[in-house]
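Sequential numbering from 1 along the given sequence is applied to the chain's residues.
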Amino acid sequence: SAFVKACGEAGGACAPSRSTDVPLRDGNLVTGTSWYAFPIENIEQIGRALDATQTFPRSLDNLVGAELRLSGRPVDLGGFVARGAAWGADRADGAVAVCPVPGGFAVTGYTFSGEGGTADVLVCRFDGQGNPVWARALGGPGRDYGQAICPTQDGGCVVAGFTTSAGAGSEDAILVRYAGDGSLLWVRTFGGESPDMALGVCATRDGGFALCGYTMSEGMGESDLWAIRVDASGAKQWALTAGGARPDRAYAILERPNGEFAVLATTTTSGGNYDSQLWRIGAEGHVVGTTGMGWSLTDVLEDFVLAGDGTVFAVGYGDCQQ
């Protein structure tokens, strides 16, 4: 109901629907679905409808880095929260992922306070008390978002997300590496002419990285699980596409002690419902096995950790009340 109201205030029109079809776009018209199906995909299609109104050459040269000045204020979050603070620059800023770094932590997300013109990738480093050490924006004339972050062996961090400012077409996965002092080391993009997005990233023991998400440029389905391994310089070593005829996407990836990768993903049933999956991928990029997990209408696991004995602990959301 809040979305319908906001859509109307923005000059759009929303039609109620109980369909569980994947959202489609025709020009600036985007289909709707019922409340539990495809909420993320709807937002993505709306973003692509906005992209269709813009034309500019896509290039890494479009990406402009900027140093952000953050101002903060304490926030009383109540309950058992010891201390809270809000940090931001001139315009809208949001963080969606966090990772530990030496002496503190780093976050990534989006900012409209950069010099790219629209949403830019946001990366901020904080000390152990939650005070900002540095903040950076990176973006161009399109939409640029950080979706996942992990620490690097040299004390910096690497960010995975998507860009429409550079790459081959529509959304492309973007991988950005920063040194511990906030200097930009390199930027890489991956993808084809259709939407491709990175949603998770991890460091590998050999100093490289692995990222995961989904691709519409390759595979057999409406979207397929996508995993890529790169070396320390961001050069691609292998890429894996897997999935069925319905939408599949990966949210998180970790390297296991035996060199394999665990990937947390979702698949979509013929009824339009989400089921979670855990994929095992070999060190050379082949599927070792997969396990499905689903209870009722919508079951999405979005992040996980591996315990010392190999046990997987995952978190997400779903209708599993029974």
Item to check | Listed partners of S233 passing side chain to side chain donor-acceptor pair (under 3.5 Å), at least two apart | outcome: D231
Checklist entry - Any side-chain donor-acceptor pair under 3.5 Å between S113 and D90? => result no
Checklist entry - Just checking, is any N or O donor in the side chain of D93 or T111 under 3.5 Å from an acceptor N or O on the other one? => result yes
Checklist entry - Would D224 and T241 count as having a side-chain donor-acceptor pair, cut-off 3.5 Å? => result no
Next on the checklist: Counting only heavy atoms from other residues, nucleotides and ligands, does the tally under 6.0 Å from CZ of R73 exceed 12?
Outcome noted: no
Next on the checklist: Looking only at the side chains, is there a donor atom on one of D144 and S165 sitting less than 3.5 Å from an acceptor on the other?
Outcome noted: yes
Checklist entry - Using 30° and 60° as the class limits, which term best fits the ring planes of F261 and W238: parallel, tilted or perpendicular? => result perpendicular
Checklist entry - Which heavy atom in R58 sits nearest to a heavy atom in T164, and how many Å separate them? => result NH1-O, 3.2 Å
Checklist entry - Do you know the tightest heavy-atom contact between T108 and G146? => result OG1-CA, 3.6 Å
Next on the checklist: I'd like to know whether CG of D181 has more than 12 heavy-atom contacts from other residues, nucleotides or ligands below 6.0 angstrom.
Outcome noted: yes
Checklist entry - Nearest heavy-atom pair of G243 and D248: which atoms, and what distance? => result CA-OD2, 3.5 Å
Next on the checklist: Between T163 and D172, do the side chains contain a donor N or O and an acceptor N or O under 3.5 Å apart?
Outcome noted: no
